[in-house]
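Report on the following structure.
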Amino acid sequence: MLRTHTCGELRREHVGQTVTLCGWVHSYRDHGENLVFVDLRDRYGKTQVVFNTEEDSRIDALARRLRREDVIRIAGEVRYRGDDLVNPRLATGDIEVRAHELTVDSSSRTPPFELEGSDLPNEELRLRYRFVDLRREPLQRNLIVRHQITQAVRDYFNSRDFLEIETPMLGRSTPEGARDYLVPSRVHPGSFYALPQSPQIYKQILMVAGFDRYYQIARCFRDEDLRADRQPEFTQIDVEMAFVERDDILELIDGLVCQVVKQVRGIELPSPLPRYSYADVMERFGTDKPDLRFGMELVDIAGPAAASDFGVFRSVLDSGGRVRGINAKGAADRYSRRLLDRELKDFVGEYGARGLAYMKVAGGKLESTIAKFFPEQSQQDIIELMQAEDGDLLLFVADQADITSAALAALRNRLGRELNLYDPDAFSALWVVDFPLVTWNDETQRYDAEHHPFCQPHRDDRDLLTSDPARVRADSYDLVVNGCEAASGSVRIHDSKIQQQVFDLLNISEQEAERRFGFLLEALRYGAPPHAGIALGLDRWVMLLTGDDNIRDVIAFPKTQRASDLLSGAPAPVDDHQLRDLHIRTDSPDQSILDE
RNA sequence: GGGGCCGUAGCUCAAUUGGUUAGAGUACCGGACUGUCGAUCCGGGGGUUGCGGGUUCAAGUCCCGUCGGCCUCGCCA
């Protein structure tokens, strides 16, 4: 070991000891010939090193040349700083190390940006110099939290007889779901592996194989467009159990979540976590992942809307749409007319809403440019339905049902944040259960699986599979935390007859099913136990527990929105001979220009 | 595939209606200083205004294209 201590551990009790510290020069304060201070930093903290070297001008000259981010090693004596000189903002602030030896292990170029300060440089630069960015305390903290979570997860499952089993990264492409990342085969010209979107099929096969308690911290890949909370490669805490029912999984994960949240954030969550049906949250919040840190539920005002003379509302109702609204309590003066007419209208427009109606409540009446279309009784009905009081701002969207849901759910989240309706440090976790098994896809004119094709239909809804598929509930469940899908799973089909019924419903022919998932179906024919599972999005959990809203800040080496790694330069062209080995010819735009 | 924001010194930003030598803070370099901890003081260097084209007497500013980053709708079984 080159060091005796880290930069975060020296305290008053070490005074008098001779120590050796290693680290990066965080800052330096040069007071001339005989006095130089250096804050030495490593992952554990910072320690002030003082060079006070009347007797040794050689060290002094070296110390005065130190610059930020140089890597040095110092040996010296731990000293109490003195009563007036302690730095309460530093964990090691009581002491300093008076150096009598200094080695510069490596000098640094001037860093491309400063590690401290409120103004972060743009992300492009941070990503290009990731090794510098990762030295910053917030990112170090995030990766530490990430480690704590995976560690707690492993402890939790290991102590319950689970086995951590790896599944292949090079697998078979299954064309349903997200776009696959493909890997060409050298020895099978024209054939490709796919990187896993999730270990779904493998973990089900592990159940068939008798490994009745499995988990894995699994890397997954999806070649879809990115978002602030989505990366092309991400990590799932993947779990599967045999001989269990839905509630066994929910209780297992309740326990895990409560333990992790308590351990990392010191917050005590209710156990069991509350459960809501899909139908319930869609009606009350317009989304299957409601943020329950605040109320402001959606209200249907079809009754008073139909009794009004407001053409927009009435024509929407006549064509089978809905009129719903939310009540922003006390916000009547918070949004100017201009903001409502432009900004918020455009905002709901992003979700397909053609307009945004609003009314302010004053003197027990509605104030609005459209109030005149609402007779007295309608106004009172709206006020009653929305539990409105003077000073409230009521916002309405009239449209097809799914558009009112999407627009109002988004608006609700935005208003909740802007009006500070909740404590950003608060935690709300809930289960959403009884999702529909399938949803009708207008484009392809057929049913799509809501979760995936191996998800078990609800026992009580089997008869509906043929008669009214859209009403069939699935034995599936999502864990929602602060409006974010934090885990998702289901009871799987282990009966090949039911599996066949679901394929029929999804319009997947026997041939097609064999071609796509034949190896799973074959496995299910050789003694498949009842089984169920779930996957937790690790990256999102780290975001939730650190309070970050950017997934790149919880991943050591993330990719940009266009899926490039600015640090390494990936993706990049490869040598022609590599392509020849893989039997691949490219058809890039550049190439075609050259061809012409 | 669609919509939006951004790109000026190493970094964060400013630059009036299109106007003459593109500024500030910080970092960096040199000097002074024995108790600093956002050290202080003095001095200095540093610009292809992302790139290409256009309009104009004149472009950081206006227009078109392009590259890159971010947010978002669609997409993500």
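Because the structure is predicted, anything quoted here is derived from the model rather than measured. A, B, ... follow the sequence lines: proteins, then strands. Residue 1 opens every chain.
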- Remember a base hit wins even if backbone is also touched, and classify A/R516 as base, sugar-phosphate or nothing at under 4.0 Å, heavy atoms. nothing
- Query: Does the cation-pi check pass for A/R473 over A/F435, that is, NZ or CZ under 6.0 Å from the six-membered ring centre and within 45° of its axis?
  - Reply: no
- A/R552 side chain near B/C71 phosphate (N/O to OP1/OP2, under 4.0 Å): yes
- Answer with base, sugar-phosphate or nothing: what part of the nucleic acid does A/S564 contact at a heavy-atom distance below 4.0 Å? sugar-phosphate
- A/H31-B/A39 aromatic stacking (under 5.5 Å, under 30°): yes
- Query: Is the phosphate of B/C73, meaning OP1 or OP2, less than 4.0 Å from a side-chain N or O of A/R227?
  - Reply: yes
- Message: Base of B/C76, side chain of A/R222 - is there a donor-acceptor contact under 3.5 Å?
- Response: no
- Is the shortest side-chain N/O distance from A/T560 to OP1 or OP2 of B/G69 below 4.0 Å? yes
- Item | Over-ring placement of A/R172 relative to A/Y193, 6.0 Å and 45° cut-offs | no
- Face-to-face contact A/F37 to B/U36 six-ring, under 5.5 Å, under 30°: yes
- Task: Under a 3.5 Å limit for both distances, which nucleotide forms a Watson-Crick or G-U wobble pair with B/G35, could you say?
- Result: none
- Query: Checking all strands, does A/R68 fall into the base, sugar-phosphate, or nothing category for heavy-atom contacts under 4.0 angstrom?
  - Reply: sugar-phosphate
- Any side-chain N or O of A/R81 less than 4.0 Å from the OP1 or OP2 oxygen of B/C37? no
- Item | Complement of B/C62, any strand, by Watson-Crick or G-U distances under 3.5 angstrom | B/G54
- Note on the structure: side chain to side chain donor-acceptor pair (under 3.5 Å) filter on A/E224, not counting sequence neighbours, yields none
- Query: Quick one: are the ring centres of A/F192 and A/Y181 less than 6.0 Å apart?
  - Reply: no
- Query: Mind checking the C1' distance from B/U12 to B/G74? Whole angstroms is fine.
  - Reply: 35 Å
- Pick base, sugar-phosphate or nothing for A/D448, based on heavy-atom distances below 4.0 Å to the nucleic acid. nothing
- Message: Looking at A/R128, I'd like to know whether one of its side-chain N or O atoms comes within less than 4.0 Å of OP1 or OP2 on B/G69.
- Response: no
- Message: At 4.0 Å (heavy atoms only), tell me whether A/D30 reaches a base, stays on the sugar-phosphate, or touches nothing.
- Response: base
- Message: Return the NZ to CZ distance between A/K46 and A/R89, rounded to the nearest 0.5 Å.
- Response: 9.5 Å
- Is there a residue in residues 499-515 of chain A whose heavy atoms reach under 4.0 Å of RNA chain B, and which residues are they? none
- Query: For A/G533 and A/Y477, which heavy atoms make the closest approach, and how far apart are they?
  - Reply: O-OH, 2.9 Å
- Task: Check whether any side-chain N or O of A/N122 sits under 4.0 Å from OP1 or OP2 of B/C6, and answer yes or no.
- Result: no
- Check whether any side-chain nitrogen or oxygen of A/Y28 sits under 4.0 Å from OP1 or OP2 of B/C28, and answer yes or no. yes
- Message: Under a 4.0 Å threshold between the charged nitrogen and the carboxylate oxygen, would A/R41 count as salt-bridged to A/E69?
- Response: yes
